[in-house]
Protein chains: 2
Amino acid sequence: MPKYTVTFHPSERRISVEASENLLQAAMEAGIHINASCGGSATCGKCKVKIVQGAAASPKHPKLPQWEYDQGYRLACLTPVEGDLGVEIPLESQVDRSVLALKGDRSAHKYLLSPQDIYQLVKGWDVDPTVFKRYVEMDPPTLKDNASDLTRLTNALDRQHGIQGVSADFRVIMKLSRLLREASWKVTATLVLTRKGYKLINLEPGDNTKRNYSIVFDIGTTSVYGQILDLNGCVVVACPDGQCDGSTLFAVAEASDYNAQISYGEDVITRIVYSQKPGGLKKLQEVVVSTMNKIIRELLSMSGIDRSLISHMVIAGNTTMTQLLLGLDPKYVREDPYVPTANFIPPVRAIHLGIDLAEHVHIYTFPMVASYVGGDIVSGILGSGIFQRETLTLYMDIGTNGEIVLGNKEWLASVSCSAGPAFEGAGIKFGMRATRGAIEEVGINHRTYEPMILTIGRSRPIGICGSGLIDAVAEFLAAGLIDQNGKFRIDLATDRIRKGPDGYEYVLARKEETTIHEDIVLTEIDIENLIRTKAAIYAGCRVLLESVGLRFEDLEQVIIAGGFGRHLDLEKAIFIGLLPELDIDRFVFVGNGSLLGARLLSFSKDLLKETERIALMMTNLELSNHPTFMNEFVAAMFLPHTDASAFPLVTKTLGRMRRDTPTEREVAGQL
Amino acid sequence: MPKYTVTFHPSERRISVEASENLLQAAMEAGIHINASCGGSATCGKCKVKIVQGAAASPKHPKLPQWEYDQGYRLACLTPVEGDLGVEIPLESQVDRSVLALKGDRSAHKYLLSPQDIYQLVKGWDVDPTVFKRYVEMDPPTLKDNASDLTRLTNALDRQHGIQGVSADFRVIMKLSRLLREASWKVTATLVLTRKGYKLINLEPGDNTKRNYSIVFDIGTTSVYGQILDLNGCVVVACPDGQCDGSTLFAVAEASDYNAQISYGEDVITRIVYSQKPGGLKKLQEVVVSTMNKIIRELLSMSGIDRSLISHMVIAGNTTMTQLLLGLDPKYVREDPYVPTANFIPPVRAIHLGIDLAEHVHIYTFPMVASYVGGDIVSGILGSGIFQRETLTLYMDIGTNGEIVLGNKEWLASVSCSAGPAFEGAGIKFGMRATRGAIEEVGINHRTYEPMILTIGRSRPIGICGSGLIDAVAEFLAAGLIDQNGKFRIDLATDRIRKGPDGYEYVLARKEETTIHEDIVLTEIDIENLIRTKAAIYAGCRVLLESVGLRFEDLEQVIIAGGFGRHLDLEKAIFIGLLPELDIDRFVFVGNGSLLGARLLSFSKDLLKETERIALMMTNLELSNHPTFMNEFVAAMFLPHTDASAFPLVTKTLGRMRRDTPTEREVAGQL
């Protein structure tokens with residue numbers, strides 16, 4: 001895709017921009033503030049800029065008077081970049097965001113891997129799926145050759161494809177004789193390689209080998225993500241709202257939804273408590289299956305693939321989610337000494353769980369390590385390739401729980417800390433998942449305290465997602481809207497901060513600019529939830545590192561997984577103390593790591609053994625009753641941390657901001 | 001058991017008799033005729049004998065006047081043999097049966113193997129069942145040792161029993177956590193060894209290893225036989241009506257019934273035709289399962305074993321019966337080129353077929369060879385040990401179909417001939433299975449044409465079973481009641497032969513002597529059915545032998561299997577041409593050979609591979625459209641056969657009888 005240079009005046013900042021981006025996005029990326037509170041949906045009319053060089057096909061707009069249009073003013077959100085441009089930013093919009101100046105090549109955005117790069121995290125695998133189809137033609141039986149139908153078929157599989165020792169599922173045998181004859185002895189066999197050999201699980205008339213799909217699921221406590229994969233390895237990405245990240249490579253379609261269990265408790269503990277009520281376990285099993293069935297419907301509808309063509313299913317979930325989905329009583333997961341029912345789950349027929357797929361579809365469930373380190377983490381370690389490399393890596397999966405793994409190809413250690421669902425939008429007043437209408441990027445003008453927001457799909461805002469939340473809190477802190485405890489400064493000259501029903505809050509978008517016809521606010525309680533979440537994760541990392549005598553500085557790589565979408569801002573995550581202050585080059589974002597591993601496993605049977613090895617190799621450290629975890633947690637309940645020495649650059653930046661008055665900053669036009 | 005000598009006067013024949021037998025049985029065995037038409041139930045009062053030497057505790061009887069009792073007359077059926085006896089037979093009862101004088105040690109009854117001998121037919125196996133139980137104790141989990149419940153259990157199985165690589169059935173996992181805790185970590189695991197390794201299929205609290213049972217079934221077209229086995233190898237035989245043969249060794253109980261499918265057709269062809277009607281296949285599947293469930297209820301009730309303790313099930317049946325039971329459309333079994341759906345059937349959960357057993361019970365189905373050579377034959381070859389020996393053996397399974405196998409440990413060839421259900425009592429006017437009240441032995445007085453009959457259980461006759469039918473027709477022929485075409489001689493001085501609604505018939509028991517208050521007769525149509533049946537079997541043997549260039553004389557052993565009960569009389573079977581005229585030493589009767597093999601397989605996992613080898617090794621010869629079979633069949637539609645040279649001794653005996661008039665014979669008192 002061609003790139004163009006946009007030069008912003010008067011800051012004279014230049015940025016290289018891909019064609020198809022618009023000026024509002026470009027400014028957000030460059031750290032240039034332009035007021036914008038409708039998320040880029042061309043509603044508020046605030047993002048006025050003046051094109052002083054080059055030409056842009058930007059339409060007129062009711063909020064832009066003709067005389068301004070004639071002078072070259074345009075709405076940034078309506079202005080595509082289709083050539084080099086010079087853009088003048090209005091005075092009230094000029095203040096840049098804070099910059100941490102982390103070491104490393106920030107401009108290359110190395111930590112934001114491309115899908116292709118993520119695909120390369122794991123080496124040495126080919127598209128050679130566990131469940132595959134083979135076309136066979138047979139001669140009809142004669143009196144001289146009247147072997148049984150099954151023998152005829154298995155002989156043909158041997159002769160034509162070298163596949164030996166096939167055992168047949170009884171349901172295939174049941175339809176075998178009629179189908180072979182109706183198909184004139186030309187059929188497509190669906191086979192699965194288990195550790196016990198090949199099994200014939202389905203038979204279709206004619207050649208259907210080109211149509212073989214699997215569905216993979218990440219069953220999170222808050223969110224459920226599903227992808228449909230073309231097992232022939234064709235790449236046709238169709239992801240909603242342009243939110244594709246690395247984990248969507250090779251996916252035909254992706255869909256997600258809240259786990260409907262959320263009505264029965266926000267975290268795993270409350271779910272387990274509910275499961276102990278009469279009928280509770282059954283209810284929770286049913287509702288997560290209903291979520292999955294809804295996602296399957298969406299995936300099939302988006303991709304136009306027939307339900308009968310789905311041959312396989314892979315599921316990664318934390319231990320409690322897995323047990324609830326399988327109907328396994330999770331009672332002892334929660335009770336000291338925290339014992340899951342099983343680490344390895346045998347293949348289960350999807351229909352037996354109530355999942356709406358063909359009867360031959362079996363579910364591969366990622367093995368679990370401990371009560372709070374589940375198959376989603378094993379899947380993430382598989383998908384991110386840690387199990388193959390020497391590199392000492394910290395893997396952080398940030399969802400409702402924060403699961404953290406430390407190690408490399410030789411050893412793996414894990415902890416789990418209850419983080420809460422803030423990053424997935426739950427427990428946040430206007431929180432939502434990273435779907436269309438979610439505020440995903442936030443800037444705050446340090447002088448006027450006015451917001452600049454971008455939504456997913458550039459539509460009117462509906463709520464705020466995880467990356468938007470981190471952006472907002474970091475910007476609040478940088479702009480001095482909140483103190484380091486996360487409390488609003490109520491003496492500032494802005495009507496964006498006000499007292500609401502739940503205490504103080506900041507208005508991100510006014511009701512006339514939103515889809516929901518309500519003000520979208522971020523409350524002090526929301527901020528407190530975020531701080532608790534980030535503190536738990538940071539403290540978990542510290543305890544895990546200490547348990548093996550290491551420090552953050554020893555880490556060669558930090559892999560961040562989680563449902564943030566593409567737009568988690570690394571520097572802002574460090575700014576609030578969610579991530580440690582390390583060189584930028586050490587960070588890698590992989591998006592939904594669980595889906596990444598689930599997809600790999602669907603594509604490559606060679607990785608089955610590696611998956612088992614990962615689960616067996618991982619040692620879990622129980623944080624409950626851990627002597628230092630609670631201290632670490634309390635120490636991290638501050639922005640960025642009570643130990644300022646752990647965040648020297650953030651501390652320095654905050655100090656510099658406190659010294660500067662808004663007016664001084666504005667006058668200096670400093671970066 | 002002690003043996004006593006009984007000497008019959010005036011023939012001076014001596015016989016060695018086991019204590020507990022009564023004089024009527026002893027006379028039947030010795031070939032001494034005593035009139036008796038109530039089957040030994042002390043009803044007719046005809047079996048009067050006079051004790052002239054020794055003492056017998058024989059009670060008085062209304063049909064025996066005091067003066068006769070005082071002179072030493074007794075009813076033979078009421079007289080136990082409890083010491084050496086001299087017995088005088090009344091004049092009208094003295095005629096002996098014909099004797100073929102076959103070469104070989106007839107007195108040793110070698111061809112009637114004891115259960116222990118039959119058990120020795122197969123060498124080198126131990127009681128080491130495929131499905132077994134192991135008791136394990138575990139330490140409860142702690143924070144330092146909080147492996148998953150399943151890992152704890154499989155580790156314990158490894159450490160305490162050396163069982164590794166166990167995979168768990170998902171249904172065990174579902175109840176695992178709660179059960180382990182309720183059982184205080186002391187449980188009994190039920191494991192099955194498949195060709196893919198060990199699988200954990202059930203878990204019980206406490207030590208239940210001593211209570212492990214299987215149920216084996218022979219699903220015949222006409223009859224279904226079931227046995228319950230103690231998989232710990234304890235021998236507690238409880239078989240109804242004293243009808244235990246070799247196949248009941250090691251069985252805790254045995255029960256049988258007609259296959260309820262019989263209402264939908266007497267043979268496999270009519271069943272297949274019915275299965276093609278709408279709902280027909282489902283109906284046939286359901287009714288055979290209802291028969292099995294009835295037998296299971298009886299077995300459990302007879303043995304007092306709880307249903308939950310049945311761990312395994314083995315089924316042997318012909319191909320059509322197997323496919324119908326499994327719900328596999330048998331359409332192509334019947335259509336040229338006669339192709340079964342599959343030879344090897346994977347394990348199927350019993351409850352999935354509607355069988356009333358615990359959900360963990362899987363069915364092992366004996367593999368099939370061809371459309372008309374099924375798992376029952378493979379099971380019979382296994383159970384009779386042919387697959388282990390050098391001896392050239394002919395194996396004949398005589399049921400509704402006659403299946404015949406020729407070979408030894410190196411090679412096996414088979415044919416199947418549609419025989420009809422005459423030997424199982426179906427298609428015979430008063431036919432019945434070999435259960436209580438069935439006439440199982442018949443003698444005919446060559447002068448008076450009066451019958452001597454013995455029933456199973458020595459109760460009043462209800463009908464006639466296979467061995468009784470063969471006895472009766474052989475005796476009819478020997479006594480000159482029928483000609484060699486099986487037609488009654490209607491010029492004889494007896495009111496036992498009469499014209500009935502179905503043509504000529506012989507009255508075996510008059511209504512006042514029967515349970516059913518009807519005359520029990522054998523009709524010319526019954527005899528014709530028997531001739532057709534025996535002709536098909538004999539012709540099948542001839543064609544099979546000819547196909548490999550052999551003759552009957554080349555056979556080193558002939559093994560006869562079938563539901564005849566213990567009392568099939570070898571000489572009478574040869575007399576009518578059902579079996580070839582060979583030296584007596586070459587014959588072995590094994591009873592129900594299918595059950596024999598099914599039982600062995602339940603007891604010994606080592607025999608699984610042998611079973612597969614047998615099925616793969618056997619070559620089937622299709623008799624339909626065979627160029628010489630029909631000629632052979634027609635040639636055998638005669639008693640014993642149109643080729644007299646094939647039955648020289650029978651022909652000689654018949655010739656001698658024709659020369660003798662009854663009066664002459666009586667005068668001579670010849671043997």
Side-chain angles (χ1 to χ4, degrees), chain A residues 140-154 165 167-170 172-178 180-181 194-197 199-200 319 323 326-333 336-349 352 367-371 616 620 622 624-625, chain B residues 140-154 165 167-170 172-178 180-181 194-197 199-200 319 323 326-333 336-349 352 367-371 616 620 622 624-625:
Chain A
T142 63
L143 267 180
K144 291 214 167 143
D145 170 23
N146 64 357
S148 74
D149 292 334
L150 185 57
T151 300
R152 187 169 305 275
L153 177 62
T154 52
S167 66
D169 189 272
F170 185 63
V172 176
I173 295 176
M174 290 201 71
K175 65 179 178 178
L176 181 64
S177 294
R178 197 170 290 267
L180 285 178
R181 285 163 182 84
T194 71
R195 58 173 175 149
K196 299 165 177 177
K199 187 161 183 183
L200 173 67
T319 304
Q323 294 213 180
L326 297 171
L328 302 176
D329 186 351
K331 184 178 180 199
Y332 307 104
V333 165
D336 186 329
Y338 316 111
V339 177
T341 293
N343 300 106
F344 294 88
I345 302 291
V348 178
R349 220 176 266 273
H352 285 174
M368 292 159 274
V369 173
S371 274
L616 289 170
N620 185 53
E622 287 290 345
S624 47
N625 311 325
Chain B
T142 62
L143 267 180
K144 292 214 165 141
D145 169 23
N146 64 356
S148 74
D149 291 334
L150 184 57
T151 300
R152 186 169 306 275
L153 176 61
T154 52
S167 66
D169 189 272
F170 185 63
V172 176
I173 295 176
M174 290 202 70
K175 65 178 180 180
L176 181 66
S177 293
R178 196 171 291 265
L180 285 178
R181 285 163 182 84
T194 71
R195 59 174 174 148
K196 299 165 178 177
K199 187 160 183 183
L200 174 67
T319 304
Q323 292 213 180
L326 297 171
L328 301 176
D329 185 352
K331 185 178 179 199
Y332 307 103
V333 165
D336 186 330
Y338 317 111
V339 177
T341 294
N343 301 106
F344 294 88
I345 302 291
V348 178
R349 222 176 265 272
H352 285 174
M368 290 159 277
V369 173
S371 273
L616 289 171
N620 185 52
E622 288 290 345
S624 46
N625 310 326

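Numbers restart at 1 for each chain; the letters A, B, ... are given by sequence-line order, proteins then strands. Every value quoted in this text rests on a predicted model; they were computed, and no experiment measured them.
- Taking the side chain as every heavy atom from C-beta outward, A:Ser177 and B:Asp329 never approach each other to under 4.5 Å.
- Heavy-atom pairs under 4.5 Å with chain A were tallied for B:Gln323, B:Met368, B:Arg178, B:Lys331; the largest tally goes to B:Arg178.
- Contact annotation for B:Leu326: both backbone and side-chain heavy atoms come within less than 4.5 Å of a heavy atom of chain A.
- Counting only heavy atoms from C-beta outward, the side chains of B:Phe170 and A:Leu328 approach each other to under 4.5 Å.
- Of the atoms belonging to A:Leu143, heavy atoms from both backbone and side chain fall under 4.5 Å from chain B.
- Taking all atoms of both residues into account, the shortest heavy-atom contact from A:Tyr332 to B:Arg181 is CE2-CD, 2.9 Å.
- With a 4.5 angstrom heavy-atom cutoff, A:Ser167 touches chain B via backbone and side-chain atoms both.
- Shortest non-hydrogen contact noted between B:Thr142 and A:Pro337 is C-CB, 3.3 Å.
- If you measure heavy-atom distances from A:Ala147 to chain B, the contacts under 4.5 Å come from the backbone alone.
- For the pair A:Ile173/B:Pro346, a side-chain contact is recorded, criterion being any heavy-atom separation below 4.5 Å from C-beta on.
- Contacts between A:Leu180 and chain B at a heavy-atom distance below 4.5 Å are absent for every atom of the residue.
- Counting all heavy atoms, side chain and backbone alike, B:Val339 lies closest to A:Asp149 at CG1-OD1, 3.1 Å.
- Residue A:Arg152: no heavy atom, backbone or side chain, is found under 4.5 Å from chain B.
- Contact annotation for A:Asn146: both backbone and side-chain heavy atoms come within less than 4.5 Å of a heavy atom of chain B.
- A donor-acceptor contact under 3.5 angstrom links the side chains of A:Asn343 and B:Ser148, judged on distance only.
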